[in-house]
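Below: the structure, in structure tokens.
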Amino acid sequence: MSKYTLSIASSPFPQTHQTKPTPQIIQNDLQHTFKSPFELKQIHAQIIKTNTHPSILHLPHVASVCALTPCFPYARKIILLSGNNETAIWNTCLKQFAESSSPDDAICLFNRLCEYGVCLDDFTISFVLKACTKLSDCLSGRVIHGFIEKLGFQSNLYLQNSLVHLYVVSGEVDNAHQLFDKMRDRDVVTWNIMIKHLVKRGNVDDAYRLFVTMPERNVRSWTSMIMGFVKNGKPKEAIELFSKMEGEKLCPNEVTVVAVLAACADLCALDLGKKIHDFSNRSGFKTNVRVCNTLLDMYIKCGCLEAACIVFDEMEQRTVVSWSAMIQGLAINGRGEEALRLFSKMIQSQIKPNEVTFVGILHACSHMGMVHEGREYFASMSRDYGIVPEIEHYGCMVDLLSRAGLLKEAREFIKNMHIKPNGVIWGTLLGGCRVHKNIELAEEAIKHLLELDPRNDGYYVVLSNIYAEAKRWEDAARVRKLMKQKGVKKTPGSSSISLDGVVHEFVAGDETHPQTEAIQERWDTLLEEMRLRGYVPNTSVVLLDIEESEKVRFLFRHSEKLAVMFGLINTANGAPIRVMKNLRVCEDCHAALKLISEIVDREIVVRDRNRFHCFKNGVCSCKEFW
DNA sequence: CTAGGGTTAG
């Protein structure tokens, strides 16, 4: 509260020797600072006392302070007295509400404006539509639509576009199309809205067709389309489109950078990611938190934790997203203690953790076997931070317990969950059963999985592996037969490696690559040295019904091996090799890559479906905790 | 005073 308000409040009978506030003081100190109609009235009283013109008050502030209170008519009076355009003042206020974190305030205010007969214009409508869009409130939207007709704004392109956007966002597809079809004029904004609309519905192909045929494209159109590809699992297409955009001499902005970096993260395309990073710095995007967060994520997903740390340290502002990304990055790289330390630092920095932060924290615990800590953090998240655990958090707990060999406890935990367990939960338990060789529980898990997620080949494969490792070949064969019966096919293993901006992909068993011979040669040479160091091929991971020698042959053509050989051939001595795999790394490849990292004295980073394995000097960062 | 892209997990 200001000193001025205090002096009034504390002395109902102002003493004569007290200096009267001059209009200047009112203007400088108070016009922006009053926070309630009560304070406003006190100031107004002074204005009257000192015979000052009311226009000295900052009217949009007067409006927003009184808008939703019983003092609305009072504010109106002041505004009318000031001789300003009332509609413009309320519009400013509406805009502020619409852009705030509670856009429903704008809708309340709009209702009041109608109630009191305030004159509405097209700006008024546009702001209240913005609020409806933010809230996906198409019920209010329809009312506003009515106002547009009543007030004769039907042909205002801004409002038409806003309406189409609202209908699109709130899922009223038919209404959106009807409006779109009726529009006499359309501009690039209209087309961009339609692109977003299709991309939302997962219809990237149609979106792209529209993108190609629309009469005009600007940076936002390109960015939306690039983002559309990324969001729909087509990062390669996203990057291809980005190079086309560069060819058009259009300048990428912050959002474009975010989209392309996300594509790089998905593809593990570190070289392009670095280029975009340079471009971003040169363009002055360094202060943009979202750009920095996406950069962080890109470096983490490319296995460059050190680069991520530098970005993180240099950030001017860090949000909960930055901290969570970093915690997760450390966690999946087997640096759990550091992840937990970072969490403490985050709390010290007064940043409130959210549900995602705790996914990272629990990952850190489960990947390090820190059962006690994991339990404590799980309890703490709802107790200390009011975050209700979601299925992902339960999944982390099942993972934590079952990795640590506490399978029965994991089973009990699932029984006591407050949410119905999904396939991921049972699948996690199944994974634990494999590591700790518990066939009985595995069979229980698979029963649930056959019900919940029968099309997912991964679960059959794990169960079959469990049987194979226990030398129960008939059971293993039975599982594979079951897969066949249900028409479930094993997803082929596939690994990729990015070199000079080109992503090279290797599918297990592939012998068609132009460098196949060189890859084979390199492998054979390494194999000799590996055998000397004790490597024995582990064919139990091969689930095909083939001869042992064929199994070995296939094992040696696992995609991650091929990709790493390719990397060794095509990069400088000593350069790290980064490979991404679509499934989990198999045990045999894991053992082989440990040895290879030692023999060739290189760092080999493999990002698999679950985490990173950083092989260096014969050991892996996962410390055998998968 | 108007309309259309963006970050962490799964």
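Every chain is numbered from 1, with letters handed out A, B, ... down the list of sequences.
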Exercise. Could you walk me through whether A/Lys345 and A/Glu338 pass the salt bridge (Lys or Arg N to Asp or Glu O under 4.0 Å) test, one step at a time?
Key: CA-CA 10 Å; A/Lys345 257 184 145 175; A/Glu338 287 166 76; over 6 Å; no
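- Heavy-atom distances under 4.0 Å link DNA chain B to no residue of residues 143-157 of chain A.
- Classification of the A/Tyr394-A/Phe413 ring pair by plane angle, with boundaries at 30° and 60°, yields tilted.
- Listed candidates were B/dG5, B/dG6, B/dT2. Nearest to the side chain of A/Glu254 is B/dG6.
- Spacing between atom NZ of A/Lys301 and atom C1' of B/dT7 amounts to 10 Å, rounded to whole angstrom units.
- In this structure, A/Val257 reaches neither bases nor backbone, as no heavy-atom distance under 4.0 Å exists between it and the strands shown.
- A donor-acceptor contact under 3.5 Å links the side chain of A/Ser324 to the base of B/dT8.
- A heavy-atom distance below 4.0 Å to DNA chain B is reached by these residues of residues 205-231 of chain A, ordered by number: A/Asn218, A/Arg220, A/Thr223, A/Ser224, A/Met227, A/Lys231.
- Of the candidate nucleotides B/dT2, B/dT7, B/dG4, B/dT7 has the atom lying nearest to any side-chain atom of A/Val321.
- Every residue two or more places apart in sequence or in another chain was checked for a ring-ring contact (aromatic ring centres under 6.0 Å, His included) with A/Phe123, and none qualifies.
- Among the nucleotides B/dT2, B/dG4, B/dC1, the one closest to the side chain of A/Val188 is B/dG4.
- Across B/dA3, B/dT7, B/dC1, the shortest atom-to-atom separation from the side chain of A/Val258 is found for B/dT7.
- Here A/Phe123 does not pack flat against the base of B/dT2, since the 5.5 angstrom centre distance and 30 degree tilt limits are not both met.
- Picking from B/dG5, B/dT2, B/dG6 the nucleotide with the shortest atom distance to the side chain of A/Asn288 gives B/dG6.
- Closest contact between the side chain of A/Val189 and the listed nucleotides B/dA3, B/dC1, B/dT8 involves B/dA3.
- With B/dG10, B/dT8, B/dG4 as the candidates, the nucleotide lying closest to the side chain of A/Asn192 is B/dG4.
- Candidate nucleotides B/dT7, B/dA3, B/dC1 were compared by shortest atom distance to the side chain of A/Arg290, and B/dT7 ranks first.
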